[in-house]
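Remember, it's 1-based here, ligands and their atoms both numbered in the order they're listed. For reference, positions follow the sequence shown, starting with 1.
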Amino acid sequence: MPTAKPPAFAKADTDCINLHVLEQDGCESWLADAPATVANWARAIGFRGAIGQSVTIPGEDGLPKQVLVGYGTSKDRARRRFILAAALTSLPKGTYRLTQGIPTDERAVECLGWLLAQYQFDRYKSGQDLDRHLIAPNGIDAAHIETLAAAEFLTRDLINTPASDMGPDDLHRAAQALADQHAATLDVVADDDLLTQNFPMIHTVGRASDRRPRLLDMRWGTSGPKLALVGKGVCFDTGGLNLKPGSSMGLMKKDMGGAANVLGLAHMIMASNLSVQLRVLIPAVENSVSANAFRPGDVLTARNGMTVEINNTDAEGRLVLADALAYAAEDGPDLLVSMATLTGAARVAVGPDLAPFYTDYDTDAAVLSAAAGTAADPVWRMPFHAPYEAMIEPQIADLDNAPSGGFAGSITAALFLRRFAGDSRYMHFDIYGWTPTAAPAQPKGGALQGARALFDALPQMLGL
Ligand code: BES
Ligand code: MG
Ligand code: ZN
């Protein structure tokens, strides 16, 4: 399934180019001590050590021998991610050895950025070989960083693949491929009758599409705490009978971004052999339009017996997740996590960079937020504000899938989901799953959000 080459560091090579990373503050004094051929040339072209700046110094044979890359000031770095990757495409092709400059605690993330910058979605059009390789510097765990990058490549590929090639069956195949790679098991509930009986809301949302709905259920690991991940796998969201206008539908191939993120996270967990009993549940459906589509005003009964009044068929994610969450909760997980491109309101609230998350556990929130900083995967805590529970309670059913009023859309969706998590220790991410404007190491397109931060936080959260 991954279309791009697996991200990897270069093997130590004698023919490599030395890469010096220079902070802006230390740049002038470094140049003062450097050979005149280096210092004069760097000054002549205006190199100050700013982010994105680089200088190539040739050897006597005219081939690149050394490059200087700007690392800016700490203030500049605070508003950027993946500084090394920002210079990557302006460097000559070749293999690089990092000689100095990146503080130890930032080195792993910068090296990850280098690998992430190699990503190209080349399924439909051949990419170009970037041909800029990095030898893993001492002191970083190269295999681990390669795993993180491979996970993000997988997530990006899944999201970038258009719905024509990423329907519920394709998502199923991708999950099967991941399960095979790690000797995990994958059970699938796809039969119409079984779905109707056991996961009625998954069936109801998915039934209008010829591409049949299903619930994917992956398990891996035999000891350790039980971790359940639930990902929204709406392979395309037309809005259903409450059809989205074209401008809102254009990007809806990414509505399986939660599924893509939990699969990326599952890859990190399994490849790192984390001692957890992992379960991944993905309701894979297409929210489509046809004569048998569910309707506004319908009342559905969820797996856990709660009744839900449909006030908007475009609030479908919470319906399919509800059944999957209820199922996950029955197993008594030690931690239950959902990831979903659930609401436009989350995007309005925090924009595309931050992964908003909800939890009732302050310690989990603090551990996750700290991990997000070091993992360069920013998150932002949102409140399960209990007084808003009234907003999701309609007149003729237990729950309303789409409260009117336009208030707190991400919060009310999160409160809706929490009703299905039983008494599990529950964390929910309402992600955007997409990079709208390319940035270093983050090409425009599908995005991993929150999954790397959570991966780093898991050992502390679960006492591993
Ligand atoms: N998949 C969308 C949410 C979405 C839209 C995420 C745009 C990211 C970008 C979801 O199914 C949806 O349509 N939600 C509605 C809910 C509303 C009808 C209560 C929304 O957010 O408008
Ligand atoms: Mg929708
Ligand atoms: Zn949706």
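Remark: D334 CG to L227 CG distance equals 9.0 Å, nearest 0.5 Å. If you take CG on D165 and OH on Y124, they are separated by 3.5 Å, rounding to the nearest 0.5 Å.
Residue E316 holds the heavy atom nearest to atom 11 (O) of ligand 1 of all those in K254, M252, E316, M256. Closest heavy-atom approach to atom 15 (C) of ligand 1 among the candidates V234, V205, D314: D314.
Side chain to side chain, D170 and H172 fail the donor-acceptor criterion of an N or O pair below 3.5 Å. For the residue pair D314 and N242, no side-chain donor N or O sits within less than 3.5 Å of a side-chain acceptor on the partner. No side-chain donor from either of T155 and N261 sits under 3.5 Å from a side-chain acceptor of the other. Looking only at atom types and distance, the side chain of D193 has no donor-acceptor partner in the side chain of Q197 under 3.5 Å away. Side chain to side chain, T238 and N287 fail the donor-acceptor criterion of an N or O pair below 3.5 Å.
Between D237 atom OD2 and K232 atom NZ, the angle centred on the Zn ion (ligand 3) amounts to 170° (nearest 10°).
D430 and R318 are not joined by a salt bridge, as no carboxylate oxygen comes within less than 4.0 angstrom of a charged side-chain nitrogen. Between E393 and R419, at least one side-chain nitrogen of the basic residue sits less than 4.0 Å from a carboxylate oxygen of the acidic one, meeting the salt-bridge criterion.
Counting backbone and side-chain atoms alike, A340 contributes no N/O/S atom closer than 2.8 Å to the Zn ion (ligand 3).
For E316, the N/O/S atom at the shortest distance from the Zn ion (ligand 3) is named OE2. The Zn ion (ligand 3) lies closest to atom OD2 when only the N/O/S atoms of D255 are considered.
Atoms of ligand 1 found under 4.0 Å from any heavy atom of T343, numbered from 1 in the order shown, are 3 (C), 4 (C), 6 (C), 21 (O). Near K232, the atoms of ligand 1 lying under 4.0 angstrom from a non-hydrogen atom of the residue are 1 (N), 10 (C), 11 (O). Numbered from 1 in the order shown, with element, the atoms of ligand 1 that lie under 4.0 Å from a heavy atom of K244 read 2 (C), 12 (C), 13 (O).
Figure legend: cation-pi geometry between R279 and Y327, with NZ or CZ positioned under 6.0 Å from the six-membered ring centre and within 45° of its axis. Under the 6.0 Å distance and 45° angle rule, K444 does not count as a cation-pi partner of F121. At least one test fails for R418 against the ring of Y358: distance under 6.0 Å to the centre or angle within 45° of the axis.
Around the CG atom of D423, the shell of radius 6.0 Å holds no more than 12 heavy atoms that belong to other residues, nucleotides or ligands.
In terms of protein heavy-atom proximity, atom 1 (N) of ligand 1 is closest to D255 OD1, 2.8 Å. Nearest protein neighbour of atom 17 (C) of ligand 1, counting heavy atoms only, is A315 CB, 4.3 Å. Nearest to atom 10 (C) of ligand 1 among the protein's heavy atoms is L342 O, 3.3 Å. G344 N, 3.9 Å is the protein heavy atom nearest to atom 20 (C) of ligand 1. Of the protein's heavy atoms, N312 ND2, 3.4 Å lies nearest to atom 18 (C) of ligand 1.
Relative orientation of the H385 and Y388 rings is perpendicular, given thresholds of 30° and 60° on the angle between their planes.
By the criterion of a heavy-atom distance under 4.0 Å, the side chain of R318, and not its backbone, is placed next to ligand 1. Neither the backbone nor the side chain of L251 comes within contact range of ligand 1; no heavy atom lies under 4.0 Å.
Neighbouring protein atoms of the Mg ion (ligand 2) (N, O or S, distance under 2.8 Å, waters ignored): D237 OD2, D314 O, D314 OD1, E316 OE1.
Taking any N or O of D237, backbone or side chain, at least one lies under 3.5 Å from an N or O belonging to ligand 1.
There is no protein heavy atom less than 4.0 angstrom from atom 22 (O) of ligand 1.
In this structure the side chain of L336 never reaches within 4.5 angstrom of the side chain of F420, judged on heavy atoms.
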